[in-house]
Amino acid sequence: MPQATEDETFRRTDWYAEEFVDRHFVRCVFADVDLTEAVSRGASFTECSFGGVSFNASRHTDSAFVRCGFRRCNLFEAEFTGCKLVGSTFDQCELRPLRVSGGDWSFVALPGADLRGARFSDVRMREADLSGANLTGATLARVDLSAAQWHGVRLGGADLRGSDLTALDPTAVERAGAVIDPEQAMVLAGALGFEIR
């Protein structure tokens with residue numbers, strides 16, 4: 001396993017279209033770094049801080065961003081495939097149109113995030129904080145959202161089919177036009193106190 005880079009600060013570094021293959025960063029600070037069109041494969045970032053970083057059109061495969069903080073970052077058209085973001089937080093970030101396929105985003109904090117049109121598929125997002133997020137027109141397909149925080153989420157026109165909605169209180173979200181499957185309808189009816197016979 002390659003040596004990890006630990007406790008370093010990278011400021012205003014130009015890593016446009018850089019490739020990060022099996023590189024490892026621990027407790028590093030990335031400030032105003034350009035990672036536009038960067039590619040990561042098998043890379044890991046543990047307890048790192050990203051401030052004002054541009055991830056525009058970046059592609060990440062089988063990489064890990066564990067317990068990282070993202071603040072005022074731009075993830076326009078970023079893609080994450082099979083990535084692990086457990087315990088990471090997003091604050092005042094541009095996240096549209098984000099695409100996430102597979103991986104583990106459990107305990108991720110996305111409160112108040114603008115995720116309109118985002119696509120999440122086959123992702124584990126257990127206990128994720130989505131409170132106040134805007135998921136209008138988003139797709140959350142086959143996502144494990146058990147014990148997620150949903151209060152105040154906007155779900156207008158969102159496609160939620162196949163996802164775990166057991167933690168969703170239908171009365172605490174905006175839901176007009178959201179699409180669910182029959183099994184989810186039974187779960188939500190139960191959450192509203194209906195008996196299904």
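From a predicted model like this one, the values you see are computed outputs, not experimental measurements.
- In this structure the side chain of Phe10 reaches within 4.5 angstrom of the side chain of Thr5, judged on heavy atoms.
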Apply side-chain contact (heavy atoms from CB on, under 4.5 Å) to Arg142 and Ser121, showing your working. CA-CA 6 Å; Arg142 302 171 303 282; Ser121 60; 3.9 Å; yes

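- Taking CZ of Arg116 as the start and CG of Leu135 as the end, the distance is 11.0 Å to the nearest 0.5 Å.
- Partner of Met125 under the side-chain contact (heavy atoms from CB on, under 4.5 Å) criterion, out of Asp164, Leu110, Val108, Leu85: Leu110 alone.
- The two residues Val33 and Arg12 have their closest heavy-atom pair at CG2-N, 4.4 Å.
- Using the six-membered ring where Trp is involved, Phe25 and Trp15 have ring planes that are tilted, between 30° and 60° apart.
- Note that OG of Ser44 is 9.5 Å distant from CZ of Phe65, once rounded to the nearest 0.5 Å.
- Pairing each heavy atom of Ala191 with each of Leu168, the nearest pair is CB-O, 4.2 Å.
- Separating the CG atom in Asp62 from the OG1 atom in Thr81 is a distance of 8.0 Å, to the nearest 0.5 Å.
- Taken from CG in Leu188 to OG1 in Thr166, the straight-line distance is 9.5 Å, to the nearest 0.5 Å.
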Walk me through it: do Lys84 and Val66 pass the test side-chain contact (heavy atoms from CB on, under 4.5 Å)? CA-CA 7 Å; Lys84 183 177 180 178; Val66 177; 4.2 Å; yes

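- To the nearest 0.5 Å, atoms CD (Gln92) and CZ (Arg71) are separated by 4.5 Å.
- Using modelled atom types, no side-chain atom of Gln184 and backbone atom of Leu165 make a donor-acceptor pair closer than 3.5 Å.
- For Ser40 against His60, the heavy-atom pair with the smallest separation is OG-ND1, 2.8 Å.
- Looking at every heavy atom in both residues, Ala78 comes nearest to Leu98 through O-CD1, 3.8 Å.
- There is no path of hydrophobic side-chain contacts, each under 4.5 Å, that joins Phe107 to Leu95.
- The local environment of CD in Glu94 is sparse, with at most 12 non-hydrogen atoms from other residues, nucleotides or ligands closer than 6.0 Å.
- The ring pair (Phe, Tyr, Trp, His ring centres under 6.0 Å) check on Phe50 picks up Phe30, Phe45, Phe55, Phe70, with sequence neighbours excluded.
- Shown here is Arg119, whose CZ atom has no more than 12 heavy atoms of other residues, nucleotides or ligands within 6.0 Å.
- The main-chain N or O of Cys68 is found under 3.5 Å from a side-chain atom of Ser88 such that the two form a donor-acceptor pair.
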Please evaluate residues Glu19 and Arg41 with respect to the criterion side-chain contact (heavy atoms from CB on, under 4.5 Å), reporting the C-alpha separation (whole Å), side-chain torsions for both, the decisive distance (0.1 Å), and the verdict. CA-CA 8 Å; Glu19 290 200 14; Arg41 284 191 300 276; 3.2 Å; yes

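- In this structure the side chain of Leu145 reaches within 4.5 angstrom of the side chain of Leu130, judged on heavy atoms.
- When every heavy atom of Val173 is checked against every heavy atom of Arg175, the shortest pair comes out as O-NH1, 3.4 Å.
- No side-chain donor from either of Ser131 and His151 sits under 3.5 Å from a side-chain acceptor of the other.
- Residues Trp150 and Leu155 have side chains in contact (heavy-atom distance under 4.5 Å, counting atoms from C-beta outward).
- In Arg99, the CZ atom is crowded: over 12 heavy atoms of neighbouring residues, nucleotides or ligands sit closer than 6.0 Å.
- If you run side-chain contact (heavy atoms from CB on, under 4.5 Å) between Ser163 and each of Thr139, Val123, Asp181, Leu140, only Leu140 comes through.
- The backbone N or O of Asn56 sits nowhere less than 3.5 Å from a side-chain atom of Ser58 that would complete a donor-acceptor pair.
- Minimum heavy-atom separation, Gly42 to Ser63: N-OG, 3.4 Å.
- Under the 4.5 Å side-chain criterion, counting only non-hydrogen atoms from C-beta, Phe76 is in contact with Pro97.
- Electrostatic pairing of Asp144 and Arg126 counts as a salt bridge here, judged by a charged N lying under 4.0 Å from a carboxylate O.
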side-chain contact (heavy atoms from CB on, under 4.5 Å) for Leu75 and Phe80? Distances and angles first, verdict last. CA-CA 11 Å; Leu75 288 88; Phe80 293 85; 3.8 Å; yes

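- Arg96 contributes no side-chain N or O that, together with a main-chain N or O of Asp114, makes up a donor-acceptor pair within less than 3.5 Å.
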